[in-house]
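Data first, discussion second: the structure below is written as structure tokens.
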Amino acid sequence: MQYAQMHAQDNVVTALTEFVAGNTISSLDGRSVTVVENIPFGHKIALRAIESGDEIIKYGEVIGRARRHIAEGTLVHVHNVESLRGRGDLQ
Amino acid sequence: MTVQFRGYPRTSSPWKFGVRNHVVVLAAMDNVNGVVNKIASVVPNTIPLPIWYGRGQYGKDDEQTQRTIKGVITNPNVGGVVVVSLETQSASKLVDYAHSYGVPASAVVVQEAGNSLAAVAMGAQAAAELRIELSESERSPVNSWNGFVLGVECGGSDTTSGIAANPVMGWVADQIIDGGGTVILSETSEILGAEHVLAARAINENVAGDIIRIVAQIENEAKRRGVDIRGANPVPDNIKGGLTTIEEKSLGAIIKAGTRPVQGVLEYGQKATQPGLWIMDTPAPAAESLTGLAAGGTHVITFSTGQGNIAGFPTVPVIKVSAHPKTVERMKPNIDFDASAIITQDTTIEEVGRGLLAHLTRVANGLLTKAEVLNEGSWAISRIEPTV
């Protein structure tokens, strides 16, 4: 498999090969998504635009929150996602 | 499903059999580590277990350490143990405990032997006698998973862990439990973010509450320290491999324990004497976590890795599983089972799972794991309070 969408509600897929701008992926709900930047193996791609503060959904569950706007087809990782748990730094 | 392997009979309940028959040379406290290492080098094919700390501990911290040492030396894979200590009391109580589980054991006390060299001679003699005694041990047929304890672990995880390797291990865990066996999941911080999923499968509200409680303790500790745990968990290699948050890691990690109901939560190093799926409260790093699992009585541990974690355990065969196509190639000397066909060939989880279950059965029967052969294992008992 080239990528994995774990659950129909997910707004990210996980790349299982390297992707470059122009590659396309299909979401489980039948949409075609164009990848707009290089995505390394094992990293996540946004299936649709995610607004700052919105939840990132994988496995049908919340895995974090967008720290800024994330465009469809771009890399989703620590630079634009924060965790909601174990945040001893927030008091 | 027919199970067929041969294990060493153990007369001591709850362990029906062991899949290894190790002679262990244990340090009850760290001031005799040199003696332990020397004994193990004098007598080949013995397993030295030098220890950190073990003296000046008290309260719950001491209870945890003693419980864990006791669990490790009476793990079903241990055929006999030489307990080395500086003074008598710490050695004799461990020897008495081993005897209560039918494990041959003797004490070597440096202050009684007179000096460290005399202790080495005494210990070497005891270890050699155990090696001879155990050389006639024979395996007997085991036809059911009832009485078998499987540990599940992950390390150096990346996104392939949750997508492929852990589902394969989870499929195997379900088969073991359905066959009457026991599975232990640990690494409490890797339940953080997924605790509601496991709590929903708890057999009653008390167990659900225990799951929530042990995870809340992790989060409260992060708040107490005023630090974001990202970096400590997930670790840098998880992040490099694509895992972004502890929630994402945990949701993928719990999959390795399968889908069956959660029977209860065990304390660190507590024996898992009942069948079904159990959760043990342990830290995430391998040495501490595997030590807890070994004390819990695991026969074999399946251990998934994405980026590559090489850790095994001295007395328990650890089967390293990876689904990352590059890792299974680069880390061939350390990876036992290649699950990457799920990613590269769209092979089903069940088909790969059957392969892992077959491999596990062979390991139970005596097939060595790479970590055993290369001695890639250390133990580490988790501390919860400082020494006095």
Side-chain angles (χ1 to χ4, degrees), chain A residues 1-19 25-26 28 35 37-47 50 53-68 70 74-91, chain B residues 157-164 167 189 191-197 215-216 218-234 236 238-255 306-307 323-327 340-347:
Chain A
M1 57 177 95
Q2 309 269 293
Y3 56 93
Q5 182 174 353
M6 307 309 292
H7 199 278
Q9 281 160 24
D10 292 357
N11 54 12
V12 295
V13 298
T14 304
L16 294 171
T17 184
E18 287 180 18
F19 281 83
I25 56 185
S26 299
L28 287 176
V35 178
E37 59 182 343
N38 292 345
I39 309 286
F41 176 97
H43 286 57
K44 293 178 288 299
I45 312 170
L47 277 180
I50 303 170
D54 279 359
E55 291 169 343
I56 315 297
I57 310 290
K58 179 177 171 180
Y59 302 105
E61 305 273 354
V62 177
I63 64 163
R65 178 170 57 207
R67 286 161 55 176
R68 44 181 172 271
I70 303 174
T74 60
L75 178 69
V76 177
H77 201 28
V78 293
H79 61 296
N80 55 18
V81 174
E82 61 177 342
S83 170
L84 300 170
R85 306 298 305 276
R87 297 297 305 274
D89 55 319
L90 305 174
Q91 303 271 16
Chain B
S157 297
D158 60 22
T159 50
T160 68
S161 308
I163 288 169
S189 59
I191 299 173
L192 177 60
E195 67 268 41
H196 55 293
V197 177
V215 169
I218 301 277
E219 203 146 38
N220 291 340
E221 178 62 16
K223 290 182 180 153
R224 190 186 72 78
R225 297 192 204 184
V227 179
D228 178 359
I229 64 168
R230 185 153 77 183
N233 208 347
N238 299 147
I239 294 170
K240 180 162 169 275
L243 284 172
T244 305
T245 64
I246 190 61
E247 299 97 301
E248 181 184 7
K249 185 176 178 185
S250 295
L251 288 161
I254 63 168
I255 296 171
Q307 293 289 289
H324 192 308
K326 288 203 170 130
T327 302
S340 65
I342 291 169
I343 289 173
T344 60
Q345 291 169 47
D346 291 339
T347 314

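Because the structure is predicted, anything quoted here is derived from the model rather than measured.
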TODO: Report yes if some heavy atom in the side chain of A/Leu84 is under 4.5 Å from a heavy atom in the side chain of A/Val62; otherwise report no.
DONE: yes
Open item on the list: Do A/Ile63 and A/Val81 make a side-chain contact, defined as non-hydrogen atoms from C-beta onward lying under 4.5 Å apart?
Closed with: no
TODO: Can you tell which part of B/Ile255 gets under 4.5 Å to a heavy atom of chain A, answering side chain, backbone, both or neither?
DONE: side chain
Task: chain A contact via B/Ile218 - side chain, backbone, both or neither, heavy atoms under 4.5 Å - done: neither
Open item on the list: Run the side-chain contact (heavy atoms from CB on, under 4.5 Å) test on A/Ile56 and A/Ile50 for me, step by step, so that the C-alpha distance in whole Å, both residues' side-chain angles and the decisive distance to 0.1 Å come before the verdict.
Closed with: CA-CA 8 Å; A/Ile56 315 297; A/Ile50 303 170; 4.0 Å; yes
- [ ] List for me each residue that meets side chain to side chain contact (heavy atoms under 4.5 Å, CB included) alongside B/Ala232, sequence neighbours excluded, and say none if there are none.
- [x] none
Open item on the list: Please enumerate all residues that pass side chain to side chain contact (heavy atoms under 4.5 Å, CB included) together with A/Ala15, with sequence neighbours excluded.
Closed with: A/Phe19, A/Ile39, A/Ile45
Task: Shortest non-hydrogen separation from B/Gly231 to B/Pro236 and the atoms involved - done: O-CD, 3.6 Å
Open item on the list: Return the CG to CG distance between B/Leu243 and B/Leu251, rounded to the nearest 0.5 Å.
Closed with: 11.0 Å
Open item on the list: Is A/Met1 close to chain B through its backbone or its side chain, or both, or neither, when contacts mean heavy atoms under 4.5 Å?
Closed with: both
Interface of chain A and chain B, donor-acceptor atom pairs under 3.5 Å:
| from | atom 1 | to | atom 2 | distance (Å) |
| --- | --- | --- | --- | --- |
| A/Met1 | N | B/Ile343 | O | 2.4 |
| A/Met1 | N | B/Asp346 | OD1 | 2.9 |
| A/Gly42 | O | B/Thr159 | OG1 | 2.6 |
| A/Lys44 | NZ | B/Gly242 | O | 2.8 |
| A/Lys44 | NZ | B/Thr244 | OG1 | 2.7 |
| A/Lys44 | NZ | B/Glu248 | OE1 | 2.8 |
| A/Lys44 | NZ | B/Glu248 | OE2 | 3.1 |
| A/Lys58 | NZ | B/Glu248 | OE2 | 2.8 |
| A/Glu61 | OE1 | B/His196 | NE2 | 2.7 |
| A/Ile63 | O | B/Thr245 | OG1 | 2.5 |
| A/His77 | ND1 | B/Thr244 | OG1 | 2.6 |
| A/His77 | NE2 | B/Ile239 | O | 2.8 |
| A/Val81 | O | B/Arg230 | NH1 | 3.3 |
| A/Val81 | O | B/Arg230 | NH2 | 3.2 |
| A/Ser83 | OG | B/Glu247 | OE1 | 2.6 |
| A/Ser83 | OG | B/Glu247 | OE2 | 3.4 |
| A/Leu84 | N | B/Glu247 | OE2 | 2.8 |
| A/Arg85 | NE | B/Glu219 | OE1 | 3.2 |
| A/Arg85 | NE | B/Glu219 | OE2 | 3.0 |
| A/Arg85 | NH1 | B/Glu195 | OE1 | 3.4 |
| A/Arg85 | NH1 | B/Glu195 | OE2 | 3.1 |
| A/Arg85 | NH2 | B/Glu195 | OE2 | 2.8 |
| A/Arg85 | NH2 | B/Glu219 | OE1 | 2.7 |
| A/Gly86 | N | B/Glu219 | OE2 | 2.7 |
| A/Gly86 | O | B/Ile229 | N | 3.0 |
| A/Gly88 | N | B/Val227 | O | 3.1 |
| A/Gln91 | NE2 | B/Lys223 | O | 2.5 |

